[in-house]
2 protein chains.
Amino acid sequence: MTTAKTRPDPMAILEDHGYRSTAPRRAVVDILRRKEDGFTAEEIIDDLPGIGRATVYRTIRLLLEAGVLCKLALPDGAPKYTLSTVEHHHHTICVRCGTVDTFRDTTMERLMRAIGDDVSGDIVGHRIEVYVTCGRCLTQVRS
Amino acid sequence: MTTAKTRPDPMAILEDHGYRSTAPRRAVVDILRRKEDGFTAEEIIDDLPGIGRATVYRTIRLLLEAGVLCKLALPDGAPKYTLSTVEHHHHTICVRCGTVDTFRDTTMERLMRAIGDDVSGDIVGHRIEVYVTCGRCLTQVRS
DNA sequence: GCCTGCAATGATACTGAGTATCACTACAAG
DNA sequence: CTTGTAGTGATACTCAGTATCATTGCAGGC
């Protein structure tokens with residue numbers, strides 16, 4: 001599931017949006033491309049002491065707006081980011097190790113349409129996060 | 001949908017959990033019982049100048065743990081609380097006026113079971129928030 | 001009725017996540 | 001080579017919530 005497939009370079013996408021390819025932005029993009037399991041903003045800031053907080057957060061925001069990143073929430077609401085590969089998908093987050101994985105379920109799309117009949121008003125978006133104990137953590141627990 | 005039905009007194013629930021019924025706690029519980037559309041912690045703090053931040057947050061936390069409150073997230077991740085009436089349900093949040101409503105869809109439960117087959121590991125929880133433009137706001141927009 | 005102990009309180013200071021400000025830098029285009 | 005502006009980073013701020021800790025106030029035992 002976590003295949004490092006041919007992912008478009010986030011930096012290229014930023015350039016497509018009219019933003020400059022600068023050294024700090026490339027540094028941020030480079031480091032978070034290597035974070036397969038999601039990351040927090042402070043984590044990136046700590047990893048790049050030469051780069052200011054503001055720049056890291058700005059770059060993250062640009063990538064969010066460009067749809068390259070997803071912002072998720074842990075059960076307690078703490079934010080976590082992850083690179084998004086596919087268009088529309090949802091995330092599973094392991095509550096033990098924090099590993100983020102994605103899934104795409106067509107039931108979900110049908111569900112949203114079904115809910116549309118139940119609620120008064122127009123659905124404009126949704127947030128779905130599934131919290132799991134991942135397979136790896138399960139075997140650790142049982143051993 | 002937003003019926004002020006016979007709701008168990010949150011204070012009584014806290015007492016059942018072994019917590020004292022104190023004046024500050026009653027004040028907090030009283031005020032948030034009147035907030036049909038959800039509320040933020042700071043809102044409560046502002047409404048009760050005589051009561052300390054810590055006490056308000058503590059009371060909210062106790063109520064969350066007791067299952068009397070739900071903590072939701074707006075699209076930007078900003079937290080919002082709402083009293084929960086029924087056991088398991090989900091929320092719609094109007095992105096214009098912030099009104100919180102609840103729905104319960106059996107499809108959701110079936111969906112969770114279906115997802116269980118897709119993901120590796122055990123599902124331990126989920127978060128689902130549906131963002132809407134509510135009926136009232138829709139008529140305002142169109143007028 | 002009065003100790004007394006502990007739960008609860010509130011002031012305050014802190015953390016964590018993110019934004020605003022603003023002087024400065026570094027480019028890219030003319 | 002100038003110059004305009006996007007981008008940067010230091011810093012201070014907001015917002016949400018927690019930690020600390022001295023003080024208060026009840027509830028139960030005598």
Side-chain angles (χ1 to χ4, degrees), chain A residues 10-11 13-32 35 38-66 69-82 93 98 127 129, chain B residues 10-11 13-32 35 38-66 69-82 93 98 127 129:
Chain A
M11 199 59 246
I13 294 170
L14 285 191
E15 289 188 80
D16 289 350
H17 281 71
Y19 300 108
R20 287 188 197 162
S21 168
T22 65
R25 291 223 256 250
R26 278 192 302 271
V28 171
V29 166
D30 272 9
I31 205 154
L32 56 81
K35 306 259 177 187
F39 54 88
T40 64
E42 294 296 325
E43 200 179 317
I44 304 299
I45 290 165
D46 290 348
D47 286 355
L48 298 169
I51 291 169
R53 296 169 55 71
T55 298
V56 171
Y57 275 110
R58 273 190 290 248
T59 307
I60 287 176
R61 181 158 34 81
L62 293 181
L63 292 170
L64 278 175
E65 284 163 10
L69 284 186
C70 296
K71 181 177 183 173
L72 346 166
L74 302 185
D76 64 349
K80 184 161 192 176
Y81 301 91
T82 181
I93 306 162
R127 171 201 296 274
E129 265 123 36
Chain B
M11 199 59 246
I13 295 171
L14 284 191
E15 289 188 82
D16 289 350
H17 280 70
Y19 299 108
R20 288 189 195 160
S21 168
T22 65
R25 292 222 255 250
R26 279 191 301 271
V28 171
V29 166
D30 273 9
I31 205 154
L32 56 81
K35 306 258 176 186
F39 54 89
T40 64
E42 294 296 325
E43 201 178 316
I44 305 298
I45 290 165
D46 290 348
D47 287 355
L48 299 169
I51 291 169
R53 298 168 55 70
T55 299
V56 172
Y57 275 112
R58 272 189 291 248
T59 307
I60 288 176
R61 181 156 37 80
L62 293 181
L63 292 170
L64 278 176
E65 284 163 10
L69 284 186
C70 297
K71 181 176 183 174
L72 348 165
L74 302 184
D76 63 350
K80 184 160 193 176
Y81 301 90
T82 181
I93 306 163
R127 171 201 297 273
E129 265 123 36

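To find a chain, count down the sequence lines: A is the first, B the second, and so on, and within it residues start at 1. All of these numbers come straight from a predicted model, not from anything done at the bench. Side chains are part of it too, since the values below use all heavy atoms of this structure and drop only hydrogens, waters and symmetry mates.
Judged by atom type and distance alone, B:R58 does not reach the base of D:dG17 through any side-chain donor-acceptor pair under 3.5 Å. You won't find any donor-acceptor pair under 3.5 Å spanning the side chain of A:R53 and the base of C:dG16, going by distance alone.
In this structure, A:Y19 atom OH and D:dG7 atom C1' are separated by 12 Å, rounded to whole Å. The interatomic distance linking A:E65 (CD) with C:dG18 (P) rounds to 14 Å, in whole Å. If you take CG of A:D76 and P of D:dT18, they are 9 Å apart, rounded to a whole angstrom. For the pair A:I51 CD1 and C:dA26 P, the computed distance is 14 Å after rounding to whole Å. A straight line from NZ of A:K80 to P of C:dG16 spans 16 Å, rounded to a whole angstrom. Atom NE2 of A:H17 is separated from atom P of D:dA6 by 17 Å (rounded to the nearest Å). Atom pair B:L74:CG and C:dG18:C1' shows a separation of 16 Å (rounding to whole Å applied). One interatomic measurement links the two molecules: CG of A:D46 to P of C:dT15, which rounds to 14 Å at whole-angstrom precision.
For B:E42, whose side chain is taken as the heavy atoms from C-beta onward, the closest listed nucleotide among D:dA16, D:dT18, C:dT9 is D:dA16. In this structure, of D:dG17, D:dG9, C:dG10, it is D:dG9 that holds the atom nearest to the side chain of A:A54.
Note that OH of B:Y19 is 12.0 Å distant from CZ of B:R58, once rounded to the nearest 0.5 Å.
Between C:dA8 and B:T22, no contact under 4.0 Å exists linking OP1 or OP2 to a side-chain N or O. Close to D:dG17, at under 4.0 Å from its OP1 or OP2, lies a side-chain N or O of B:K71. Residue B:Y57 places no side-chain N or O under 4.0 Å from the OP1 or OP2 atom of C:dA8.
Side-chain contact between B:V28 and B:R25: absent, with no pair of heavy atoms (C-beta onward) separated by less than 4.5 Å. With contacts defined as side-chain heavy-atom distances shorter than 4.5 Å, the pair A:I93/B:R127 does not qualify. Side-chain contact between B:L63 and B:L32 is present, with heavy atoms from C-beta onward closer than 4.5 Å. Side-chain contact between B:E65 and B:H17 is absent, with no heavy-atom pair separated by less than 4.5 Å.
If you find the closest nucleotide of DNA chain D to A:G50 and to B:P79, the one lying nearer the 5' end belongs to A:G50. For the pair B:R20 and A:P49, nearest-nucleotide mapping onto DNA chain D gives the more 5' position to A:P49.
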